[in-house]
Protein chains: 2
Amino acid sequence: MVTLAEVARHAGVSASTVSYVLSGKRTISKQTRDRVERSIRELGYHPNAGARALASSRSNIIALMMPLRTDMYVPVMMEIAIAVATTARERDRDVLLLTGQEGPAAVRRVVGSGLADAMILMDVELQDDRLPLVHEADRPAVLIGLPADTTGLTCVDLDFTATGRLCAEHLAGLGHREIAVIGEAAGVYERHTGFAERTMTGIREGVRQHGLRMLHRPCEGSYESVAGTLARIFDERPGTTGFVVQNEAAIGPLLSLLRQQGRAVPEDVSVVAVCPDQVATQHSVALTSVAIPAEEMGRRAVELVMAKVDAAEAAGGRGNGSAHGNGNGSAAGPAAAGAPDRVELLPPQLTVRSSTGPAPRS
Amino acid sequence: MVTLAEVARHAGVSASTVSYVLSGKRTISKQTRDRVERSIRELGYHPNAGARALASSRSNIIALMMPLRTDMYVPVMMEIAIAVATTARERDRDVLLLTGQEGPAAVRRVVGSGLADAMILMDVELQDDRLPLVHEADRPAVLIGLPADTTGLTCVDLDFTATGRLCAEHLAGLGHREIAVIGEAAGVYERHTGFAERTMTGIREGVRQHGLRMLHRPCEGSYESVAGTLARIFDERPGTTGFVVQNEAAIGPLLSLLRQQGRAVPEDVSVVAVCPDQVATQHSVALTSVAIPAEEMGRRAVELVMAKVDAAEAAGGRGNGSAHGNGNGSAAGPAAAGAPDRVELLPPQLTVRSSTGPAPRS
DNA sequence: GAGATCCGTCGAAGCGCTTCAACGATCCTC
DNA sequence: GAGGATCGTTGAAGCGCTTCGACGGATCTC
């Protein structure tokens, strides 16, 4: 392995000069810089990550905690993860992959060992085990998802309330009066991941405001489950003409079943989905949908967490970018310039495709 | 941050003693060990990862290179990644997530900086850009997937040839004489990822051996594409009664279409799929399938790569666990005990579910 | 043109850990 | 009971880097 010292010797300068060329923290004459850079290239030098981390107490690594269960939203999770990794690399950081397996202890370990400078937590639940540790660790952290209490936390998520409202409004605008929501599997509601509830809140707002009637039924992704749910919906409300589907897995079966029953989409019933664009466009009918901006969520999470790292650095200390009085959230204010704690809800965007149309004449 | 020195002081021993308690590399009396461990707990000590890496030139990190494109097999990729991360953690290693974004240069960087001790490469193509660098880097590496030339490489993959054979044999055993293969999207064949070809090789073997007739059609995952492909198949070979589907995305549309056309599964046509079990069981008909053992692939990859790290360590040097003469693969042999280069093909397992049955009387 | 200022470079001190050689103490062995 | 092994522990030397203070020389200021 080539070391910095060897580069220095090769270039005829001191080690510190090489270091400053690399970091840019002091001005170096163009002449020297060129010479050093040439030596680096010729020798194929790569700074040793461990030594760097030790000397600077910055590892340039961001930890990404994935959900343990892989039963849901896999494509979304994956897209977020890839966006995180890609964005981090663009900013010269690496990403450490942690699974939920290890539980909250992972937070303690990573923080304690200085392995990572910051954390991004995915799939945050309303009452998340890891949150107390995040607070205690007082390290830059960003959550993807929204816990019940966001005090002192920075979060990124799709604005699911606005999403729900948007869906309801879209259907209302097309003249639909009775709509049904094919929701997430019951387990999702029980786990209190929050987004399902928020979507429903938004839908209810839209429903109330536009005087619609609405039926909400949780539903598994299996064909049988969708069939049962659908049957019950039409049983109870034969006049239903609009559907909002939040469960990706239910979309395929739903379209199949509607076709089988001779209900044309969008002539007889309209369907609007909440899902990634890729999913929306791969079905027999291209779906009007609100996209889940996975890529943007991942990117923003990295940007926010890095801003916090830099802010903490500038402030001289470790820490979260904002002071933590012991729970007395007094004077949260803008704090030191940089990255205040905040909740960033991405505005939903509804794309009209071929699955929604005017309500049929009653 | 608590340091090892503080632990030593607190326990009334020297720093080296604490280090040996932690690593177990020398015998320490139970009494001292207990005392040290107690201090560690009381102070909440976590060894500093950077310092450790620097002093030992081992980072205890395994790099995982994900494919850049997220268009395919996302659930499989995700499952592999999670299995890798989980298995690594069980063995006290962490996982660094790299995307294809950075290209082959990532290999050089990670190896050069000592950030990771070893690499696992996913989604390896037949002629993979990264392979020359893997050879050159001479660091423990394991590929998930099979390149054209596996000399000096360790690979893990499903035995797709056997998989193909198994599918053909299963259908043959049920009396089907004319079968069709709904293959991967044309792009997959063009990219030469290899597994698609290997599956076809196996299917052809089975077809030949059992005297079947076979039609192979690449197919996109979209509904329209499947519809077109299916129409052309029945056009050309009306007597087709058995299907092998390798493209996960095509499964849903295929089942819908068959149902629509009044062809009952499995009474009129049988369908066998190559896909994760989870996918196989979530459709309207539970599919007879050969599973893609993602979890096992991830786990084995970690086991193999760690064996190589240990072997290299024991052999005193860096290196790949086996000598690399400059391309003259002479006397590859068992080499030093430990982890020789090898290709590990996992045996496929076919699970009979409800989508295959005896061929209809012709 | 003397003093203050700035620029580019260097030397040295550490960051927190691992590991080697060494050493006293205890245990055998004959 | 003397010599050698063995055991448990220690001190010190780095691992490769960052960063602080210092320093000579060029540039500016009045």
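All heavy atoms count here, side chains included; hydrogens, waters and symmetry mates do not. Just so we're on the same page: letters track the sequence lines, and every chain starts at 1. Treat the numbers as computed from the prediction; the structure is a model and nothing was measured.
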Has B:Ser14 got a side-chain N or O lying under 4.0 Å from the OP1 or OP2 atom of D:dT10?
-> yes
Contact class for B:Ser19 (heavy atom, under 4.0 Å): base, sugar-phosphate, or nothing?
-> base
Look at all strands and tell whether B:Thr17 reaches a base, only sugar-phosphate, or nothing, counting heavy atoms closer than 4.0 Å.
-> base
Would you find a donor on one side and an acceptor on the other, under 3.5 Å apart, between the side chain of B:Asp34 and the backbone of B:Gln31?
-> no
Pairwise N/O distances under 3.5 Å, protein to nucleotides 22-25 of chain D:
residue : atom : partner : partner atom : Å
D:dA22  : N6   : A:Arg26 : NH1          : 3.4

Residue pairs involving residues 17-27 of chain A (criterion salt bridge (charged side-chain N to carboxylate O under 4.0 Å, His left out); sequence neighbours excluded) = none
Could you state the CG-C1' distance from B:Leu4 to D:dT10, rounded to the nearest angstrom?
-> 13 Å
Closest heavy-atom contact between A:Arg130 and A:Pro104?
-> CG-CA, 4.1 Å
Considering residues, nucleotides and ligands other than A:Arg38, do more than 12 of their heavy atoms fall under 6.0 Å from its CZ?
-> no
For the pair B:Glu295 and B:Arg299, find out whether any cationic side-chain nitrogen is under 4.0 Å from an anionic carboxylate oxygen.
-> yes
Does a side-chain heavy-atom distance below 4.5 Å link A:Arg139 with A:Val107?
-> no
CD1 of B:Ile28 versus P of D:dT6: gap in Å, rounded?
-> 18 Å
What do the steps show when you test B:Glu6 against B:Arg9 for salt bridge (charged side-chain N to carboxylate O under 4.0 Å, His left out), and what is the final call?
-> CA-CA 5 Å; B:Glu6 297 176 50; B:Arg9 200 174 327 123; 5.7 Å; no
Using a heavy-atom cut-off of under 4.0 Å over every strand shown, decide if A:Ser16 touches base, sugar-phosphate, or nothing.
-> base
Within the structure, does a side-chain N or O atom of A:Lys25 lie under 4.0 Å from either OP1 or OP2 of D:dT19?
-> yes
Would you mind reading off the distance between A:Tyr20 atom OH and D:dT18 atom C1', rounded to a whole angstrom?
-> 7 Å
Shoot me the first and last contacting nucleotide of DNA chain C against chain B, ordered 5' to 3', at under 4.0 angstrom to non-hydrogen atoms.
-> C:dG16 to C:dA22
Nucleotide D:dT9, atom P - distance to NZ of B:Lys30 in whole Å | 13 Å
Across the strands shown, which category fits A:Thr3 at heavy-atom distances under 4.0 angstrom: base, sugar-phosphate, nothing?
-> sugar-phosphate
Under 4.0 Å between a Lys/Arg side-chain N and an Asp/Glu carboxylate O for A:Arg109 and B:Asp94?
-> yes
